[in-house]
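Reading through the structure tokens given below for one structure.
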Protein chains: 2
Amino acid sequence: MEEALLKLKHHFLETVDITDEEWKYISSHFTFKRLKKHQFLIQEGMNVPHEFWIVKGLVKSYFLEESGKEYILQFALENYWVSDFHAYQNHGISTLNIDCLEDAEFLVMSFDDREKMCVEVPALANFFRIKSTKGYISLQQRVMGLMKDSAEKRFNDLVEKLPNLVQRVPKKYIASYLGVSRETLSRFSK
Amino acid sequence: MEEALLKLKHHFLETVDITDEEWKYISSHFTFKRLKKHQFLIQEGMNVPHEFWIVKGLVKSYFLEESGKEYILQFALENYWVSDFHAYQNHGISTLNIDCLEDAEFLVMSFDDREKMCVEVPALANFFRIKSTKGYISLQQRVMGLMKDSAEKRFNDLVEKLPNLVQRVPKKYIASYLGVSRETLSRFSK
DNA sequence: GAAATAGTGTGATCTACATCACATCAAAAT
DNA sequence: ATTTTGATGTGATGTAGATCACACTATTTC
């Protein structure tokens, strides 16, 4: 866990300035979690009092339709923050599932601690402000892509953005993320 | 402008606590802007050193394809914050256009002032943090909709979410926001 | 208030992609 | 090591929605 916390510290320092005392305080609020491939970080119907920073591994966050069809909202890997933010923010119940596509390690923070620390440590509020602005921007790019690009273009853009992802996960998940059927993806991904 | 600033103060107070001194300081950094229908707030290729809070009116933020086809990313009305956040955040050049669908009034803040004040006034950092988290969540809902719902479902959801929008703007813009052709929309919006 | 421009509806046709159905191959699980 | 389960490719067929074409009606604009 010490090593993981050190990585997290660097992650913070890439975006904001944090003093050593602040870091000591912040870091004391994280816990460590380790999961194997196929285990769940968040399951539909749960409370979601935590958000997770991925130390290593790869997870998918997705929504299940009644039919059982799954729609992937996000692949998250090293250095990403994940949660069901909707449930997290509104203290509601999760409508998303997040599970591991590879063995993974996380640093875990509770909602209450985050809100408390964001008031106490302005740099932290700024960190999350900047992170979520960036998340907003990249989702906006995704919306644009869904509206104006063909499935093939979206696939090529994804390969360009995350070249190794396509190697790391089954194509059916890539398809589900792109909003296209497995079969159609197979016809141009070869 | 005084009246507009008062409204903005209430808008802040809905989300965070701000003292009167803080407000005095924050509010001194806003300027006022008034535009008529069809005038541009942001045009492709411009620098985007500002973000805008809409006092009254309605704008559309959109992207133009080479063909001239337009894709609407967002309708923004009273109480919304708008800008080309990508260009704004990265000090880049705008790829979006934002123009007025109705006569409109704005309170304007510069990027530099925002960053400066977010460091000086933690409550402000928290305000924007919470706002952009909410923006992120609602874009996530939109991505879900684009992936799993039919155009008709998306239209009905929009009508439910913003019932008066459909009255306020031409249907072709609604279509462009939903990612569907004008003609197709017309076939089920009757 | 006449002319020009923008908004809207509706048919006919076309197309990207979904769905179904099956075959092959790789990888877990017993 | 053999069975079971998951991943992938590929044909045949179906369909939501795009595109084209035109008519009609509001709304600007001069």
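Residue numbering restarts at 1 for every chain, and letters A, B, ... go by the order of the sequence lines.
- What separates NZ of Lys171(A) from P of dA26(C) is a distance of 13 Å, to the nearest Å.
- Separating the NZ atom of Lys172(B) from the C1' atom of dT8(C) is a distance of 11 Å, rounded to the nearest angstrom.
- Nearest approach of Lys33(B) to Val108(B), heavy atoms of both residues: CB-CG2, 3.8 Å.
- For Leu185(A) and dA16(C), the CG to P distance is 17 Å, given to the nearest whole Å.
- Comparing Glu183(A) and Ala151(A) by the nucleotide of DNA chain C that holds the closest heavy atom to each, the one mapping nearer the 5' end is Ala151(A).
- One atom, CZ of Arg154(A), and another, P of dA16(C), lie 13 Å apart when rounded to the nearest Å.
- Distance Arg182(A) CZ to dC22(C) P: 15 Å, rounded to the nearest Å.
- Inspection of the His29(B) and Lys116(B) side chains reveals an N or O donor paired with an N or O acceptor under 3.5 Å.
- With Tyr173(A) as the aromatic partner, Arg168(A) does not meet the cation-pi criteria of under 6.0 angstrom to the ring centre and within 45 degrees of the ring axis.
- No contact: Lys153(B) has no heavy atom under 4.0 Å from any strand.
- Distance Glu70(B) CD to dG7(C) C1': 14 Å, rounded to the nearest Å.
- Using a 4.0 Å cut-off, some side-chain N or O of Lys69(B) falls inside it from OP1 or OP2 of dT19(D).
- Contact between the side-chain N/O atoms of Thr184(B) and the OP1/OP2 oxygens of dA18(D) is found at a separation under 4.0 Å.
- Across the protein-nucleic acid pair, Lys148(B) atom NZ and dA18(C) atom P stand 16 Å apart, rounded to whole Å.
- We find that Arg129(B) and Glu115(A) are joined by a salt bridge, their nearest charged nitrogen and carboxylate oxygen being less than 4.0 Å apart.
- Rounded to whole Å, the distance from CG on Leu146(B) to P on dG17(D) is 12 Å.
- If you find the closest nucleotide of DNA chain D to Lys37(B) and to Val180(B), the one lying nearer the 5' end belongs to Val180(B).
- Picking from dG9(C), dT10(D), dA7(D) the nucleotide with the shortest atom distance to the side chain of Ser186(B) gives dG9(C).
- A salt bridge links Lys9(B) to Asp20(B): one of the charged nitrogens lies within less than 4.0 Å of a carboxylate oxygen.
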